[in-house]
Amino acid sequence: MIIRRFSFSNPNESEGMLTRSTDIEAKWQERWYAERINEADRDEREKFMIIFAYPGVTGYLHVGHMRGFSYVDDIARYKRMQGYNVLFPVGTHATGNGPISLAKRVASGDEDMIDYLRRNGCPEDVIPELTDPLTVVEFFNKVYVEQYWRRFGFLADWRRFACTTHPQYGKFIQWQFRKLMDAGLLIQKPYYSPACIAHGPVAIDASETDIACGGCAETTEYTLMKFRCGELTLLAATLRPETVFGQTNFWVNPEVEYVKVVCGDEIWVMSRPCFEKMLYQKDRLKEVGTMWGTELIGSTCTAPMTGREIVCLPASFCDPNVGTGLVVSVPSDAPDDWVALRMLQEDEAACLRYGLDWDMVKAIAPIAIIETKGWGPMPAVEIVERMGITRSGDPKLVEAKKIVYKEGFHAGRMNQDCGPYSGLPVDKAKEAMKQDMLRANQADLFYDLSETVICRCGEPVVIKKVDDQWFIDYANPMVTELTKRHAEGMRILPTEYQTNVQGVLDWFRERACVRQGNWLGTRFPFDEKWIIEAISDSTLYPIFYLISPYVNDGSVRPDQMGTEFFDYVLLGRGDLDHVAKRSGVARDVLERMRADVDYWYPLDVNLGGKEHMTVHFPAFLMNHVAILPPEQWPRGIFVNWYVMSKAGKISKSKGGAQPIPGAAELYGVDSMRLYYAHIASPFADVEWDEEVLENYVAKMDRIMRTVEELSMMEESEAIEPIDVWLLARMNSRMASIVKGMEQLDLRNLAGEAYFEIPNDLKWYLRRGGSNGAVVGRALDMWVRAMAPITPHTAEEMWEHLGKDGLVANARFPCADAAEMSQAAELAEDYVRKLLEDVNEIVKVTKIAPKRVLVYTAPEWKEKVLQKAVALFRDNELKVPTLTKLVMQDEDIKSHGKEASDLARKMAEDLTRRSAEEVERMAVRFDELEYLRQAEGFLARELQCEVGFFDAADPEKVDPQGKSRFAQPRRPAIYLE
RNA sequence: GCGAGGGUAGCCAAGCCAGGUCAAAGGCGACAGACUCAAGAUCUGUUCCUGCAGAGGUUCGCCGGUUCAAAUCCGGCCCUUCGCACCA
């Protein structure tokens with residue numbers, strides 16, 4: 001249970017800041033939206049356009065989704081504070097069957113679904129309305145905008161909201177597809193797709209939106225090898241066509257009734273389940289009879305490619321539901337075959353029963369075909385031996401098969417008995433032999449699913465041939481090349497993906513872009529029976545946000561949005577008057593739209609989850625390259641990783657996710673935004689942990705209190721060293737933040753602003769800092785630095801500090817060179833280090849000091865250091881060189897051995913350090929003076945008297961001669 | 001299978017690309033102390049091992065290499081997570 005504890009000020013006092021995060025959020029959101037600071041229009045400033053990949057309308061989102069979304073608002077707010085005119089539009093992706101299946105489940109009274117809706121706060125009276133897919137879309141559009149994005153205070157331009165099922169979006173997509181057609185990127189060819197017999201194409205994926213079971217199934221391509229057997233053609237389905245040279249016999253299940261099917265001038269033999277599946281994949285198949293497996297046993301057939309005559313033998317392991325129900329035997333490399341063959345060879349009775357010549361059966365020997373490192377010539381024989389498998393049906397065979405297949409396929413080579421394929425790696429040989437057999441009409445292809453898949457409607461899912469499937473030709477070499485070259489110059493985060501995307505673009509192939517069936521989406525403009533598929537209609541859309549406000553406010557109607565309209569507005573093509581006349585859109589509206597596109601595009605950042613890396617992002621890039629001119633190609637991609645629950649990915653089914661509004665209420669929006677920004681690098685998954693959230697709640701609480709307390713500090717005239725330090729520190733923090741943000745490093749911003757700066761301020765106070773003006777300056781910078789990530793809290797504090805206007809509109813603090821001082825920071829580090837050293841000595845010696853004496857290094861030692869640094873800079877620092885050099889100085893030389901020892905030590909020490917560190921060592925400040933000014937502080941901290949001496953001071957108090965250990969930046973210490 | 005990422009002290013998590021400031025930021029937790037009637041909050045210190053002078057030793061998945069110097073670069077291995085197309 002979280003207790004909101006903003007207890008630092010009395011809520012009844014009108015002067016204090018608001019104490020409840022929900023009050024603060026409501027107050028400032030009202031201000032922002034009333035003043036419309038979220039709305040972005042063209043002006044003189046430099047522009048910055050950022051989006052997150054719009055979410056699919058799949059139901060309620062969870063706290064994990066807010067991670068990426070909030071990054072976009074953080075970045076947008078930072079950029080606007082940097083003076084950019086920032087455009088951050090939002091939308092939703094409703095294409096597909098998410099809304100349809102949700103509506104169906106509601107309509108069917110699915111208890112889980114109703115429960116889920118209730119749990120997420122869906123009003124009772126709305127539930128019955130969610131039986132219509134488009135109502136579902138509109139309902140969730142509202143939920144996303146109001147309960148998620150506005151609730152989190154996003155400065156998104158709501159006027160530009162877009163949804164893929166709105167008619168204007170459809171017009172845009174149709175235009176996009178006409179452009180793809182013009183560019184020659186739409187192609188048509190046959191396609192084998194998973195489909196429900198009743199509903200048409202379905203998606204097979206683990207989320208199982210389309211299907212009832214079988215989410216992990218894959219489409220498997222079998223090579224159907226043709227074995228001539230008299231007038232019949234026996235079909236053996238194999239995944240390993242390269243093993244033809246090792247075939248020794250054919251397997252037939254005597255218990256199975258096979259079907260004879262006419263295909264062209266051949267009569268094919270296969271199992272009935274196979275025939276039924278094949279009907280969806282091949283035309284002109286006709287059943288002409290049946291036969292039992294036993295009828296084939298003993299007859300011979302001719303193997304493809306080798307022309308070898310092999311005999312049909314009985315085998316119980318031939319499953320009519322797998323492949324064709326007929327199997328060709330390669331005992332050298334297939335454990336199943338070897339085991340079955342050996343069983344038969346030992347079973348004279350069986351041979352007799354089937355009328356086989358036992359001697360002939362016994363004479364069959366495996367034929368070695370593949371050489372695999374670490375294996376003998378017959379891997380199947382070997383592994384069966386090793387695993388002690390003796391009979392068909394042994395469960396260990398599955399494992400054996402896996403091992404042999406994996407090893408052979410990836411590490412093996414065809415041996416010298418494989419004709420023209422000898423010496424080829426197995427994976428290459430497989431493809432070559434398959435192609436050769438297909439060309440010679442010795443083989444065909446057959447597709448099947450690796451496991452049973454059932455549609456939501458209860459019908460089985462099959463692989464169905466679609467003759468006229470449309471594809472987007474992402475394999476197009478020209479577009480691929482241009483995209484790859486463009487991507488090299490983009491800002492892509494994480495940087496690993498910048499490299500990786502090159503490979504993804506190479507690998508990206510033709511992609512089916514339309515489908516039939518009951519789907520939400522846009523009609524394919526060239527053939528209305530098709531609906532454009534969900535990924536293909538979400539690639540160019542960022543530019544649509546530049547058009548959407550004009551439709552949303554009624555300046556343009558969807559029916560006015562034809563080819564010429566889009567050509568003019570998006571591409572600047574065509575004559576304005578002509579387009580205005582043809583489309584019926586007002587001339588000035590067209591002009592403004594065109595100017596908007598010119599101004600806002602290209603997109604600066606597209607942020608999306610890691611699931612987009614192999615599909616959405618490459619398609620997004622290639623569509624821009626294919627359709628828009630180069631100056632409008634995207635500039636940046638930001639990939640974010642997930643928030644996981646302990647059980648794995650947060651999901652509806654696995655639970656672990658609480659509704660977003662509930663979490664916002666519980667933890668406060670700003671605490672959550674800070675959590676997302678700070679918990680880990682954006683490029684790593686994090687685990688949702690409520691306790692961790694509570695820590696961020698406490699952190700925000702503490703920060704507000706700190707600001708309130710510090711804001712009450714009195715002004716003062718005197719500027720102490722610690723004041724100089726605080727300003728130097730604040731400025732170097734800002735420098736670090738700004739530098740990090742060049743790479744959109746929000747985590748660095750969060751670390752500096754919410755953790756390091758509070759620590760600096762704490763140190764300032766502990767150190768006795770008390771200058772209200774200096775603190776006021778620090779607070780001013782600090783609150784502005786917090787505005788991007790925790791905007792509500794920042795506004796509240798900004799107001800409390802008596803600042804005019806909104807901090808959201810203020811400039812982000814930049815480091816002021818005049819206030820920066822490396823010496824001031826180093827001097828303070830020096831004091832801190834001294835304190836640590838004294839504590840360490842106390843700890844080790846267990847002395848409770850009555851007095852602490854500190855000795856700074858004498859001037860001659862400083863000279864040695866400076867000479868060493870000079871040599872270091874010239875890359876000439878060596879022990880003898882330094883020794884020789886320092887000994888030329890009479891002052892140093894007078895210290896004799898002590899001087900040469902120091903020179904040696906210093907040379908050794910500095911050569912081991914980095915240039916940066918040496919430069920820090922070289923920075924001089926008056927150590928003794930600085931310590932004296934810190935006397936009060938040190939005495940207070942050490943709870944005893946402290947004294948400081950120059951080690952060269954003849955008047956010094958030095959009972960144990962410790963002063964001789966003093967070195968520059970490292971004073972000697974004596975505890976009394 | 002193909003492709004990508006990750007393994008850092010009790011836990012989370014930076015650092016690695018650009019080797020030296022690294023016994024390694026920060027956070028959490030734990031322990032001790034201050035404040036308080038008390039609790040919480042807050043503040044201070046400690047939190048790999050050893051050490052009666054600010055030090056030394058052993059650490060960043062494992063093995064080996066490069067280098068004056070490796071958490072960081074190179075090679076191999078083990079473990080692990082994720083993505084893979086009509087799912088967004």
Side-chain angles (χ1 to χ4, degrees), chain A residues 3 5 7-8 53-58 93 95-98 191 193-194 201-210 215 405-406 409-410 427 469 471 474 494-497 499-500 503-504 507-515 519 533-536 538 608-616 618-619 641-642 644 648-649 678-681 683-687 689 691-692 695-696 698-699 701-702 705 747-748 750-751 754-756 759 762 765-766 833-834 836-847 911-921 941 960 962 965 970 972-975:
Chain A
I3 303 150
R5 1 177 146 81
S7 51
F8 53 92
Y54 51 17
V57 180
T58 50
H93 185 251
T95 311
N97 74 346
Y191 179 64
S193 152
V202 295
I204 294 181
D205 75 306
S207 66
E208 300 188 345
T209 45
D210 288 11
Y405 184 91
K406 189 174 156 185
F409 186 73
H410 295 283
D427 53 340
Q469 174 70 49
F471 293 81
Y474 289 119
T495 47
E496 289 82 4
Y497 184 53
T499 322
N500 184 223
V504 175
W507 160 86
F508 217 47
R509 306 195 295 269
E510 300 90 349
R511 190 192 160 87
C513 62
V514 294
R515 58 184 286 176
W519 273 58
E533 163 283 326
I535 287 163
S536 304
S538 54
K610 62 178 175 178
E611 74 276 19
H612 295 305
M613 289 197 289
T614 47
V615 184
H616 167 67
W641 266 235
Y642 299 147
M644 321 288 282
K649 199 167 167 175
H678 182 258
I679 185 67
S681 149
F683 318 123
D685 290 327
V686 297
E687 199 177 271
D689 182 339
E691 277 181 37
V692 173
N695 290 328
Y696 283 95
K699 169 59 86 173
D701 180 19
R702 225 172 302 150
R705 190 172 354 176
R747 190 172 197 270
N748 180 59
Y754 300 85
F755 293 89
E756 301 301 342
N759 282 341
K762 217 189 291 179
L765 293 176
R766 184 177 163 194
K833 176 73 175 129
L834 172 65
E836 279 171 21
D837 281 348
V838 174
N839 281 336
E840 171 109 14
I841 297 167
V842 168
K843 182 184 149 202
V844 171
T845 60
K846 302 186 176 68
I847 299 173
T911 45
R912 244 181 283 124
R913 292 174 190 272
S914 68
E916 232 179 297
E917 197 190 351
V918 170
E919 288 307 325
R920 254 196 304 277
M921 288 275 293
E941 288 290 324
Q960 285 187 7
K962 293 285 184 193
F965 299 116
R970 188 90 205 283
I973 299 165
Y974 171 64
L975 302 193

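Below, chains carry the letters A, B, ... as their sequence lines are ordered, and counting in each starts from 1. The analysis underlying the following values was restricted to heavy atoms, covering all of them including side chains, and did not include hydrogens, waters or symmetry mates.
Nucleic acid contact class of F508(A) (heavy atoms, under 4.0 Å, all strands): base.
Rounded to the nearest 0.5 Å, atoms CG (L834(A)) and CD (E941(A)) are 11.5 Å apart.
Side-chain atoms of H616(A) never come within 3.5 Å of backbone atoms of G609(A) as a donor-acceptor pair (strictly under, hydrogens ignored).
Taking atom C1' in both rU46(B) and rU36(B), the straight-line distance is 23 Å, to the nearest Å. Between the P atoms of rU59(B) and rA24(B), the separation comes to 16 Å (whole Å). On the P atoms, rC68(B) is 28 Å away from rC77(B), given to the nearest whole Å. Annotation: rG56(B) and rA39(B) have their P atoms spaced 42 Å apart (nearest Å). With both ends at atom P, the span from rU50(B) to rU42(B) equals 31 Å, rounded to whole Å. Going from the C1' atom of rG20(B) to that of rG33(B) covers 38 Å, rounded to whole Å. For the C1' atoms, the distance from rG26(B) to rU8(B) is 14 Å, rounded to whole Å. Comparing rC49(B) with rC37(B), their C1' atoms are spaced 42 Å from each other, to the whole Å.
Every ring-ring contact (aromatic ring centres under 6.0 Å, His included) that F508(A) has, sequence neighbours left out, goes to Y474(A). For Y754(A), the ring-ring contact (aromatic ring centres under 6.0 Å, His included) criterion is met by no residue, not counting sequence neighbours.
The partner of rA41(B) cannot be assigned: no Watson-Crick or G-U wobble pair with both contacts below 3.5 Å exists in any strand. With a 3.5 Å ceiling on both atom-pair distances, rA14(B) lacks any Watson-Crick or G-U wobble partner. As the counterpart of rC73(B), rG65(B) is assigned, both hydrogen-bonding distances of the Watson-Crick or G-U wobble pattern falling under 3.5 Å. The nucleotide rU36(B) finds no pairing partner, because no Watson-Crick or G-U wobble arrangement with both distances shorter than 3.5 Å includes it. Look at rC48(B): its Watson-Crick or wobble partner, with both distances under 3.5 angstrom, is rG57(B). Under the Watson-Crick or G-U wobble criterion, with both distances below 3.5 Å, rC22(B) is left unpaired in every strand shown. If you check rC82(B) for Watson-Crick or wobble pairing at under 3.5 angstrom, you find it paired to rG3(B).
Using a 4.5 Å heavy-atom cutoff, the side chains of K610(A) and Y497(A) are not in contact. You'll find the side chain of V514(A) reaches within 4.5 Å of the side chain of Q469(A), heavy atoms only. Contact of the N839(A) side chain with the K843(A) side chain is not registered, since no non-hydrogen atoms from C-beta on lie closer than 4.5 Å. Residues V692(A) and E687(A) form no side-chain contact, since every pair of their non-hydrogen atoms from C-beta on lies 4.5 Å or further apart. A heavy-atom distance below 4.5 Å is not found between the side chains of I841(A) and I847(A).
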Protein-nucleotides 52-57 of chain B N/O pairs closer than 3.5 Å?
unit_1, atom_1, unit_2, atom_2, d
rC52(B), O4', V844(A), O, 3.0
rA53(B), N6, L975(A), O, 3.3
rA53(B), N1, I973(A), O, 3.4
rA53(B), N1, L975(A), N, 3.2
rG54(B), O2', D837(A), OD1, 2.8
rG54(B), N1, P971(A), O, 3.0
rG54(B), N2, D837(A), OD2, 2.9
rG54(B), N2, P971(A), O, 3.0
rG54(B), N3, D837(A), OD2, 3.3
rG54(B), N3, R970(A), NH2, 3.3
rA55(B), OP1, R970(A), NH2, 2.9

Distances under 3.5 Å between nitrogen or oxygen atoms of protein and nucleotides 13-15 of chain B:
unit_1, atom_1, unit_2, atom_2, d
rA13(B), O2', R747(A), NH2, 2.7
rA14(B), OP1, S681(A), N, 2.8

Quiz item: What string of B, S and - do you get for nucleotides 1-7 of chain B, 5' to 3', if B is base contact, S is sugar-phosphate-only contact and - is no contact with any protein heavy atom under 4.0 Å?
Solution: SSSSS--
Practice problem: Going 5' to 3' through nucleotides 30-35 of chain B, assign each nucleotide B (protein heavy atom under 4.0 Å from a base atom), S (under 4.0 Å only from sugar-phosphate atoms) or - (no protein heavy atom that close). | Solution: ------
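We find that NZ of K843(A) is positioned 13 Å from P of rG45(B), with the value rounded to whole Å. Distance, D689(A) CG to rC11(B) C1': 10 Å, rounded to whole Å. Going from atom NE2 of H612(A) over to atom C1' of rC82(B) covers 15 Å, rounded to whole Å. Across the protein-nucleic acid pair, E916(A) atom CD and rG20(B) atom P stand 9 Å apart, rounded to whole Å.
Listed nucleotides: rU44(B), rA41(B), rG20(B). Nearest to the side chain of K762(A): rU44(B). You'll find that the side chain of N695(A) is closest to rC28(B), out of rG26(B), rC28(B), rA85(B). Which of rA88(B), rG27(B), rC28(B) sits closest to the side chain of A534(A) comes down to rA88(B).
Under the 6.0 Å distance and 45° angle rule, K699(A) counts as a cation-pi partner of F755(A).
Taking 4.0 angstrom as the limit, R766(A) places a side-chain polar atom (N or O) nearer than this to OP1 or OP2 of rG45(B).
If H93(A) and V692(A) are placed on RNA chain B by their nearest nucleotide, the residue sitting closer to the 5' end is V692(A).
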